[in-house]
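Report on one structure; see the data block that follows.
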Amino acid sequence: MLKISTQLEEVLNRALTKVFPKEDRSPETSSILTRDNLVPASKPEFGDFQINCALSLAKEIKQPPRHIAQQIADQLQKDNDFLQICNAPNIAGPGFINLSINSQTLISEIYIRLKDKRLGVPLKKFSAAQEKVEQNNRVIIDFSSPNIAKEMHVGHLRSTIIGDSLARVLEFCGYEVLRINHVGDWGTQFGMLITHLKEVVPEALHKKDVVEISDLVNFYRQAKKRFDEDEDFQKKSRSEVVNLQAGEEGSLTAWQLLCNQSRKEFQKIYDRLDIKLNERGESFYNKFLVDIVDDLKNKNLLINDQGAKCIFLDGLLGKDGKPQPIIIQKSDGGFNYATTDLAAIKYRLTKSPDGDGAFRLIYVTDAGQASHFFGVFQIAKLAKWIPRNCQVEHVPFGLVQGEDGKKLKTRSGETIRLVDLLDEAIQRAKKDLKDRLKTESRFENESFIDKVSTTVGISAIKYADLSQNRVSNYQFSFDKMLSLQGNTAPYLLYALVRIAGISRKGGNLNVSSKNIQFNEPQEWALIRKLLQLDCVIEEVEKELLPNRLCGYLFELSQTFNRFYDQIPILKASEPSRTSRLALCAITADTLKLGMSLLGIPTLDRM
RNA sequence: GGGGCUGUAGCUCAGUUGGAUAGAGCGACGGUUUCCUAAACCGUAGGUCGUGGGUUCGAGUCCCGCCAGCCCCGCCA
């Protein structure tokens with residue numbers, strides 16, 4: 001509907017200019033008329049679009065709103081382009097103008113979708129010539145970002161899933177997306193890890209990758225325990241940090257070993273979730289940190305406070321009500337994460353070969369970091385590291401909570417490992433499937449059962465997360481996400497399975513007929529839903545809210561299920577049979593495309 | 001103390017620049033299967049949109065106050 005809506009906007013503006021000539025407009029009238037006055041209809045029964053400006057104009061030009069609406073509607077009907085696209089406009093209620101697209105236009109859009117792999121979603125065009133400043137199309141999405149030597153847990157779930165989906169949407173729109181995994185691979189915790197490693201497996205320091213640490217988490221715990229209990233160990237650990245930062249060879253080898261071990265574990269999860277990421281951890285920015293501090297110093301932004309180099313921002317207050325500093329360099333000379341984040345911003349926005357040359361930076365992290373990013377972005381602005389036409393944004397999300405409304409934990413109160421979460425979802429999906437096979441006396445082999453339960457389990461976890469507005473906290477529930485009814489992954493998957501079933505039973509989904517016809521309201525409802533895809537994707541691109549796409553796919557599945565339930569397809573006579581198969585084909589393509597943008601795989605049978 | 005987010009049906013949540021009678025799903029209750037997977041579909045009940053003001057033709061949406069919950073706030077990331 002994107003194309004149609006653009007066309008209609010032009011038509012409407014022409015009509016508004018005729019009815020309200022520009023030279024006669026008061027400033028207020030003019031501001032009302034230059035808004036986007038064509039909006040999607042608020043309810044299906046009102047048609048496809050509505051125009052509300054008659055109501056806002058009424059007081060200003062002292063005419064009854066219905067009278068104004070009538071004038072606009074009359075003018076619209078004098079326009080040939082309008083008559084081509086729409087049925088006669090309706091004036092409703094106090095002065096709304098309701099527009100509905102005529103059948104020929106809808107059908108011709110359907111023909112276009114049958115041949116278009118992008119299903120009508122435009123590819124962004126980036127032309128350097130168009131923009132005065134060298135504009136590129138590179139976006140960086142910073143997401144997932146687990147810590148080396150620790151295990152991925154629920155906390156990483158949302159960032160990973162939401163970040164991946166946003167990356168997929170922006171890629172599809174035509175942006176060049178750099179998916180950055182800003183892993184925690186540097187910092188004081190490595191002192192204790194390396195010290196512990198040196199004592200437990202000393203040979204690890206001389207040869208690369210000879211050691212396999214099977215249980216890195218346990219290893220971390222042991223190191224932490226010793227660090228907390230043993231003073232001598234603490235001393236060694238601190239000096240080990242210095243060694244590492246100085247680039248001492250043995251320490252570097254140990255550090256790399258730890259990183260590699262972790263990397264392998266992370267990769268297992270990413271593979272299962274089908275998520276692609278480029279690792280570029282905090283350590284990458286080490287070499288820039290000194291320059292960052294110098295640059296800030298030269299710009300007179302740094303203030304020395306109790307030995308630490310700080311920046312005080314307006315309006316940032318601490319617990320005691322005093323101004324709250326952001327520490328750029330600690331009193332011992334070490335750097336903080338704020339410094340690393342600043343270096344990252346600068347690097348990412350700097351043109352190649354000295355940086356990534358991106359124009360938009362997106363950080364997918366929990367909402368708790370909002371003030372941190374606010375501060376860091378402010379500093380980057382003050383330091384003039386954010387060029388014009390570039391944008392830097394924090395995309396926050398809420399906590400994952402258990403069904404008790406509290407932060408999700410195991411029964412014993414520990415953080416839940418991501419692996420366990422995935423395994424449990426799959427296991428539950430498997431049980432559901434097996435129960436169902438039994439009650440239906442169906443037989444399926446093990447590989448089918450495995451494939452279906454894996455797909456259902458993983459999709460359920462992803463979809464449950466994505467379908468919620470990311471800003472609010474999210475209540476995690478296996479029962480709800482795996483439920484076969486409601487706004488869940490299995491419900492969407494099932495709609496696709498139904499279409500695949502039609503194809504198996506002899507329905508040719510490769511429709512090339514030139515004689516497509518529709519008569520039933522269920523058909524028109526499905527057509528209208530199908531044509532909304534482009535608008536929805538544009539919205540997700542702009543608002544970075546994947547739940548909008550989920551909501552759309554759910555509505556589409558509902559509309560399809562109604563159609564499927566109430567209208568015969570294979571048994572219909574021509575040309576209805578082929579026409580309905582065409583709708584099935586586009587529905588399947590739309591669902592598959594939409595779900596692929598959510599990072600969710602689909603099935604033919606389940 | 002300062003800042004952020006949230007508050008909508010019994011439960012979990014949508015609600016796009018302010019627009020028509022506030023929407024889904026689950027749960028509850030009732031109905032539908034000689035037919036493409038009933039993992040579906042149809043119907044009924046259920047609301048002072050936390051609260052009090054304000055802005056206006058019109059507010060869940062914008063502004064101000066208050067209440068409740070969660071989160072963040074100096075050398076961890």
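Note that the structure is predicted; figures quoted are calculated from it, not measured. By convention in this document, chain letters (A, B, ...) are assigned in the order of the sequence lines, proteins followed by strands, and residues within each chain are numbered from 1.
Of the candidate nucleotides B:C57, B:C73, B:C75, B:C75 has the atom nearest to the side chain of A:Ser331. Residue A:Leu317 places its side chain closer to B:G2 than to any other of B:A20, B:G2, B:A39. Among the nucleotides B:C75, B:A77, B:A20, the one closest to any side-chain atom of A:Ile327 is B:C75. The side chain of A:Gln566 lies closest to B:C42, out of B:C76, B:C42, B:C36. Taking the side chain of A:Pro325 as heavy atoms from C-beta on, and the options B:C13, B:G74, B:A77, the nearest nucleotide is B:G74.
Classification of A:Glu403 and A:Lys480 as a salt-bridged pair fails, no side-chain N sitting under 4.0 Å from a carboxylate O.
In this model, the phosphate group of B:G15 is approached by a side-chain N or O of A:Arg548 to a distance below 4.0 Å at OP1 or OP2. One finds a side-chain N or O of A:Lys330 lying less than 4.0 angstrom from the OP1 or OP2 phosphate oxygen of B:C76. The phosphate of B:A38 (OP1 or OP2) has a side-chain N or O of A:Arg498 nearer than 4.0 angstrom. When the side-chain nitrogen and oxygen atoms of A:Lys43 are compared with OP1 and OP2 of B:U21, none of them lie within a distance under 4.0 Å.
A pairwise comparison of heavy atoms in A:Thr34 and A:Ser30 identifies OG1-O, 2.8 Å as the closest pair. Considering all non-hydrogen atoms of both residues, A:Pro325 and A:Cys310 come closest at CB-CB, 3.7 Å. Looking at every heavy atom in both residues, A:Ile567 comes nearest to A:Gln522 through CD1-OE1, 3.6 Å. Contact record, A:Asp48 with A:Met1: OD1-CE, 3.8 Å, taken as the closest heavy-atom pair.
Among the heavy atoms of the strands lying under 4.0 Å from A:Ser42 is at least one base atom, whether or not backbone atoms are also near. Looking at heavy-atom distances under 4.0 Å, A:Gly551 makes no contact with the nucleic acid at all.
When both distances must be under 3.5 Å, the Watson-Crick or G-U wobble mate of B:U55 does not exist. Of the nucleotides present, B:C29 is the one that pairs with B:G43 by Watson-Crick or G-U wobble criteria, both distances under 3.5 Å. If you check B:A38 for Watson-Crick or wobble pairing at under 3.5 angstrom, you find it has no partner at all. Look at B:C66: its Watson-Crick or wobble partner, with both distances under 3.5 angstrom, is B:G50. In this entry B:G23 has B:C13 as its Watson-Crick or G-U wobble partner, both defining distances falling under 3.5 Å.
Separating the SG atom in A:Cys584 from the CZ atom in A:Phe563 is a distance of 5.0 Å, to the nearest 0.5 Å.
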So which protein nitrogen or oxygen atoms get under 3.5 Å of nucleotides 24-35 of chain B's nitrogens or oxygens?
from: B:G25; atom 1: OP1; to: A:Gln558; atom 2: NE2; distance (Å): 3.4

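Within residues 465-473 of chain A, the residues approaching RNA chain B are A:Gln468, A:Asn469, A:Val471, A:Ser472, A:Asn473, by heavy-atom distance under 4.0 Å.
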Under the criterion side-chain hydrogen bond (donor to acceptor under 3.5 Å, both in side chains), I'd like the reasoning laid out for A:Asn561 against A:Arg498: C-alpha separation, chi angles, the key distance, then a yes or no.
CA-CA 9 Å; A:Asn561 277 332; A:Arg498 285 184 140 178; 2.8 Å; yes
Criterion side-chain contact (heavy atoms from CB on, under 4.5 Å) on A:Gln50 and A:Ser42, from CA distance to verdict
CA-CA 8 Å; A:Gln50 63 185 64; A:Ser42 55; 3.4 Å; yes
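The aromatic ring of A:Phe96 is stacked on the base of B:A20, with the two ring centres less than 5.5 Å apart and the planes inclined by under 30°.
Within 6.0 Å of NZ on A:Lys330 lie more than 12 heavy atoms contributed by other residues, nucleotides or ligands.
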